[in-house]
Amino acid sequence: MAGVGGGNDFQWCFSQVKGAIDEDVAEADIISTVEFNYSGELLATGDKGGRVVIFQREQESKNRPHSRGEYNVYSTFQSHEPEFDYLKSLEIEEKINKIRWLPQQNAAHSLLSTNDKTIKLWKISQRDKRAEGYNLKDEDGRLRDPFRITSLRVPVLLPMDRMVEASPRRIFANAHTYHINSISVNSDHETYLSADDLRVNLWHLEITDRSFNIVDIKPANMEELTEVITAAECHPHQCNVFVYSSSKGTIRLCDMRAAALCDRQSKFFEEPEDPSSRSFFSEIISSISDVKFSHSGRYMMTRDYLSVKVWDLNMENRPVETYQVHEYLRSKLCSLYENDCIFDKFECCWNGADSAIMTGSYNNFFRMFDRNTRRDITLEASRENSKPRAILKARKVSTGGKRKKDEISVDSLDFNKKILHTAWHPKENVIAVAATNNLYIFQDKIN
Amino acid sequence: MLHHNMSLHACLYVLCVLPPTQEIDDNVITPEKAEEVKLKARYPHLGAKPGGSDLLRKRLQKGQKFFDSGDYNMAKAKVKNKQQLPAVTPAEKAEITGDHIPTPQDIPQRKPSIVASKLAG
């Protein structure tokens, strides 16, 4: 079923896959976040080992007009390292929970990367020229005796092999007692927010020793705790507005102009529940694992265990669109609870035009929904479909008794192959899909 | 456990032989509720409030490592007296409580030295 994300003839093709092929996946290699930068030229990944790898898109060459620019390694560095907090007997994982790019302000690129406790601002700069012909230094860098210099020369800039350097410019630490789940850069390009299970903090990008607490849902008595913050994001245009989602399936929109402490929300989004359908699992599967504003700023999307919902910011009482990701799992909730899969946190993303949305599922399947045509498609990220420009075939999970050829039954799904993180290029039909330790890049078919 | 499953089957069987005029709407079980029955059958001690404090407190406690050398050595002495250290069964969705003495085997080994990501290879 083609047509999602573009016109009727639209089809997704394999472009590239990164990562090792071997069956034994080291825990450190599991990709934990994927993010394109504002132009789509750079693609960053973070993993459980605390490493960041940045890919850069090659310029389209005239020699190969049929291939779009490929993404190749631009820079890689160790962002976070494992730590142990001796005072609290707390092990702090180096796993990168989120990466968010900063808008580019000069030749260098900057991003924020965070683990459970500490956010770091990394500057990635490249040098492809070097100066030669200094007056005070000779060629090996040794200082020349100034009294011996008889003539002056103008140093020249010569090309050199490109060298990319990543350096940590700011370290934002010690502001979170609980585990950071989100960071989001504000549209003012000066501030950003970070959220943990119970609090949301606002930072200035230049100031590391202070942060403002803007949401605090910690109850006086922890026994009374009923919900936690699961995700937070700044509005793409209104720098005073942000949202945060909860484990109870609700979203609160806050306006920082209203009060210093935004404990009282400006808007409260919740879909009414049918009390007769309530079960032990209801609250767990309603927990929102990701919230994303549309590029337009008019809508936001939330992902819970079984569905993706699109909300109009002007309507709080129910979503305007609901898409089922893998409804067939509703009759498997018992075993998904036992193997902890019910707690998997899937992310979701918009395409640049806000006309399509994408999210992951199990068995290395990922789903796309076209908001205009209401068509949806299930695709698979696998090494078998990784011939260059191979068109991805639609996959189908059979739910009934009769399984058609090429369909896969629910019981055959591999729940260890989870696609939790996906990203869509801000302007083009290029997507990045993280399948455990492999990164797949798919593009639309070029005729 | 078997008893509970048979009750469910018996219930459905009864539904089939009811006269057609009888209301059976009340007894229709959604797939989600059926899964809940299965879960309660396997874990009878599971609390009534699933999304409440227990689950959240477990989530907030992630990363906490407890090790007390005094407790550990006393527990080791018990083993010498042919008493086993009480083990936590994976089936129990319980937090680590005072009964379970962590041993060096429970604490994860020191992580290997930092190597470059295979994505960059």
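Chain letters run A, B, ... following the sequence lines, proteins first, then strands; residues in each count from 1.
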> What residues, two or more places apart in sequence or in another chain, satisfy side-chain hydrogen bond (donor to acceptor under 3.5 Å, both in side chains) together with A/S276?
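If we apply the side-chain hydrogen bond (donor to acceptor under 3.5 Å, both in side chains) test to A/S276, skipping adjacent residues, the hits are A/D274.
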> What is the distance from atom OG of A/S277 to atom NZ of B/K33, rounded to the nearest 0.5 Å?
6.5 Å
> To the closest 0.5 Å, what do you measure between CG (A/D29) and CG (B/L119)?
7.5 Å
> Check each atom of A/Y74 against the heavy atoms of chain B and say whether the ones under 4.5 Å are side chain, backbone, both or neither.
neither
> Heavy-atom cut-off 4.5 Å, strictly under: side chain, backbone, both or neither for A/F55 against chain B?
side chain
> Quiz question: by atom type and distance under 3.5 Å, do the side chains of B/E35 and A/Y337 form a donor-acceptor pair?
no
> In this structure, which one of A/V73, A/T45, A/N437, A/V53 forms a side-chain contact (heavy atoms from CB on, under 4.5 Å) with B/S117?
A/V53
> So, using side chain to side chain contact (heavy atoms under 4.5 Å, CB included) as the criterion, who are the partners of A/E327 when residues are at least two apart?
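With neighbours one apart ignored, the set is A/L306, A/Q324, A/R330.
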> Rounded to the nearest 0.5 Å, what separation is found between the CD atom of B/E32 and the CD1 atom of A/I285?
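Going from the CD atom of B/E32 to the CD1 atom of A/I285 covers 4.0 Å.
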> May I ask you to name which of A/D197, A/T76, A/L439 has the most heavy-atom pairs under 4.5 Å with chain B?
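Maximum pair count with chain B is reached by A/D197.
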> Measure the spacing between CG of A/N438 and NZ of B/K118 and express it to the nearest 0.5 Å.
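Answer for the CG-NZ pair, A/N438 versus B/K118, is 10.5 Å.
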> Once rounded to the nearest 0.5 Å, what's the spacing between atom CD of A/E338 and atom CG of B/L39?
6.5 Å
> Could you tell me the separation between the CZ atom of A/R278 and the OG1 atom of B/T30, rounded to the nearest 0.5 Å?
12.5 Å
